[in-house]
Structures are given as structure tokens and as C-alpha cells.
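Note sheet for the following structure.
Throughout, a chain's letter reflects where its sequence line sits, starting with A, and its residues are numbered from 1. These numbers come from a predicted model, not from an experiment.
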Amino acid sequence: MEHEKFSFDKAPEHRLREPFFMRPTELVALELLGCVLVRRLYGIMLAGRIVETEAYLHSDDAASHAANGRTPRNAAMFATGGCLYVYRSYGIHYCVNVVTEAQGRGCAVLIRALEPLAGIESMQRQRRTDEVKRLCNGPGNVAKALGFSIEDNMASVCHPELFILPALLGEGERIAVSARVGITKSAGLPLRFYLADNPFVSKGKPSA
DNA sequence: GCAAGGATCTAA
DNA sequence: TAGATCCTTGCC
């Protein structure tokens, strides 16, 4: 993608609305590829193109945090599609998911990697690295680069200062599917989606 | 290869 | 209330 063509002037007007997220989780995970996650934080616009996602389903998916029903931690997964589910991972990192389907279902799409488009200097400070390829190449890194924390749990991603723009897919960009990363249960399901050969995809190894 | 790191959930 | 688990990362 040509980063310099990205403009914020009227971006919020074009944001995806709730109905986009209230569809089957696998479809949302697939269609989020190429979409641009935008956040205005402390007056700075941060944006990255989604290049890697994982679907966590409402049933028959033991790897999902919602697999054993609703708890205080995973309550956001049971909110309505278009909300954020943010959780702490390994006691150290945060991971950002977009809730899918109807309220009460308990499913979400994990945002695993972004191609930074804007606010790159800010991301570099947050991540304490200058290497653009590594700013958002994993779920913990995405959260850190964009400043997400547990405070953002349950927030709407259809908000003027936190939203997602429709996909920008380049000619010849192909979508690949694999098993998900870092799980042991339901490890064989093909629920990880990413842009093939994109250098901003995480280094995580599929579990199956 | 593996420690860091802390909340969360389950079983007792 | 102890203990295992965990949708990870970066350094050893």
C-alpha cells in the first residue's frame, strides 16, 4: 500500500458500522483483512491496515475464552458486535479483539497484526523500536503500538475516534488461511487469516 | 530455548 | 486458597 495516500479528512464518515460486525465471525475475520484500524489518541491519529486476524467462535471452539460460558473477564465477548474485547495475556501484554455477531453469542476476532499507516513515530515511541515491520506484528504489539489497555474493553469500534475503514487490498494481494497461533485446544481449526507474503504479518507459528 | 509476568478460573 | 493455565514477546 502507498501510505502517503491515506487521509484522515473524512475518514470517520466512511467507517464500518455495527451491521458489518454482526455477521458470522469467520466472515468478519476474513473481511477485516485490508481494513484500516484508526484511533485518535491524545490528538494523534494512529492507523494501520489489518493484515492478520483470528476467529474465535461462539460454539465448538475450545480455544475461545467464551468456551466455558460468561465470566467477568470475557463478558465483553457477549456484548453486541462492534465492541472491543481487550484482555491481558500472559500477565504482560494486552490483546485486542472485535466482538462479532449478536449480543449474547460470545465470539470475536483477534487483531493479530497491522501494517502501520499513520502515527508511526508515536508507535515507535510506544514500542521502543524504530523498526516499522515490528511495530504491530503480533497481538501484544498491536495493543502496545496503539495504546490499547483494559480501559478500552467494551469500547465501540464504530466511534469517530476509534473506527475501522473498509478494505484497501492491492492488486494481486492474496488471502491465506491457517491454524491459529499459540493455542492447544481446537488447534486444528483453520481460523487464522492473513495476507500472504505481507511483511507485517506476525512471526507466530500456527498451532496445528 | 525460555523466563517474565499477573489475572483468572477450577478444584479442593 | 493453592495451582495450573494462558489468543505473547524479546532476550538468553
Side-chain angles (χ1 to χ4, degrees), chain A residues 21 24-30 32-33 35 37 48 50-79 81 83-101 105-116 123-155 157 164 176-195 199-208:
Chain A
F21 303 99
T25 304
E26 295 170 77
L27 181 63
V28 175
L30 181 71
L32 276 176
L33 292 178
C35 293
L37 176 61
I50 298 169
V51 297
E52 180 180 357
T53 63
E54 283 178 358
Y56 287 85
L57 309 180
H58 87 282
S59 66
D60 298 314
D61 183 2
S64 170
H65 287 177
N68 296 317
R70 186 175 182 146
T71 68
R73 182 205 199 194
N74 68 17
M77 288 188 78
F78 294 85
C83 289
L84 277 193
Y85 168 46
V86 182
Y87 66 90
R88 199 193 276 276
S89 175
Y90 291 90
I92 306 170
H93 311 286
Y94 290 104
C95 291
V96 177
N97 301 251
V98 182
V99 176
T100 52
E101 305 190 23
R105 292 279 279 179
C107 39
V109 173
L110 174 65
I111 308 296
R112 286 195 54 90
L114 304 176
E115 173 179 341
M123 294 182 191
Q124 287 168 326
R125 282 194 298 276
Q126 290 294 318
R127 288 276 294 107
R128 304 190 190 284
T129 177
D130 288 339
E131 211 176 327
V132 176
K133 270 189 303 191
R134 291 179 48 204
L135 290 179
C136 303
N137 68 336
N141 293 336
V142 168
K144 185 132 197 210
L146 299 219
F148 285 107
S149 76
I150 200 68
E151 308 273 307
D152 302 297
N153 193 36
M154 291 288 285
V157 292
I164 298 176
V177 182
S178 81
R180 294 171 292 184
V181 172
I183 57 171
T184 55
K185 303 169 200 160
S186 297
L189 301 179
L191 294 176
R192 170 175 176 253
F193 305 92
Y194 59 100
L195 295 183
F200 300 92
V201 168
S202 79
K203 302 287 179 266
K205 189 163 130 278
S207 300

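- Across every non-hydrogen atom of A:His58 and A:Cys107, the tightest pair is N-CB, 3.7 Å.
- Here A:Tyr56 packs flat against the base of C:dC7; its ring centre is closer than 5.5 angstrom to the base's six-membered ring, tilted by less than 30 degrees.
- When the P atom of B:dT8 is taken as reference, atom CE of A:Met77 falls 16 Å away, rounded to whole Å.
- In this structure B:dA7 sits in a base pair with C:dT5, meeting the Watson-Crick or G-U test at under 3.5 Å.
- Per the geometry, NE2 belonging to A:His65 stands 9 Å off P belonging to C:dT8, to the nearest Å.
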Before you tell me yes or no, could you show the steps for A:Glu131 and A:Asn137 under side chain to side chain contact (heavy atoms under 4.5 Å, CB included), namely the whole-Å CA-CA distance, both residues' side-chain angles and the distance that decides it to 0.1 Å? CA-CA 11 Å; A:Glu131 211 176 327; A:Asn137 68 336; over 6 Å; no
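- For A:Arg88 and A:Gly140, each mapped to the nucleotide of DNA chain C holding its nearest heavy atom, the one lying further toward the 5' end belongs to A:Arg88.
- Side-chain nitrogen and oxygen atoms of A:Asn137 include none within less than 4.0 Å of the OP1 or OP2 phosphate oxygen of C:dT8.
- Close to C:dT9, at under 4.0 Å from its OP1 or OP2, lies no side-chain N or O of A:Arg127.
- At the phosphate of C:dC6, OP1 or OP2 sits under 4.0 Å from a side-chain N or O atom of A:Lys185.
- If you check C:dG10, B:dC9, C:dC7 against the side chain of A:Asn141, the one that comes closest is C:dG10.
- In this structure, of C:dG10, C:dC6, C:dT8, it is C:dT8 that holds the atom nearest to the side chain of A:Val181.
- The separation between A:Asn97 atom CG and C:dC6 atom P is 16 Å, rounded to whole Å.
- Applying the side-chain contact (heavy atoms from CB on, under 4.5 Å) test between A:Cys95 and each of A:Phe148, A:Tyr85, A:Tyr87 identifies A:Tyr87 as the sole match.
- Relative to the side chain of A:Ser89, the nucleotides C:dT8, B:dT10, B:dC9 differ in distance, and C:dT8 lies closest.
- What separates CD1 of A:Ile92 from C1' of C:dC11 is a distance of 12 Å, to the nearest Å.
- As a whole-Å value, the separation of A:Arg73 CZ from C:dC6 C1' is 7 Å.
- Protein atom OH of A:Tyr90 is 14 Å distant from nucleotide atom C1' of B:dA7, rounded to whole Å.
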List the steps, then state whether side chain to side chain contact (heavy atoms under 4.5 Å, CB included) holds for A:Phe21 with A:Val157. CA-CA 10 Å; A:Phe21 303 99; A:Val157 292; 4.0 Å; yes
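- Nucleic acid contact for A:Thr184: sugar-phosphate only, since backbone atoms but no base atoms lie under 4.0 Å from a heavy atom of the residue.
- Atom pair A:Lys205:NZ and C:dT9:C1' shows a separation of 16 Å (rounding to whole Å applied).
- Nucleic acid contact for A:Ile183: sugar-phosphate only, since backbone atoms but no base atoms lie under 4.0 Å from a heavy atom of the residue.
- Heavy-atom minimum distance, A:Ala29 versus A:Glu54: CB-C, 4.5 Å.
- A:Tyr85 places its OH atom 11 Å from the C1' atom of B:dA7, with the value rounded to the nearest Å.
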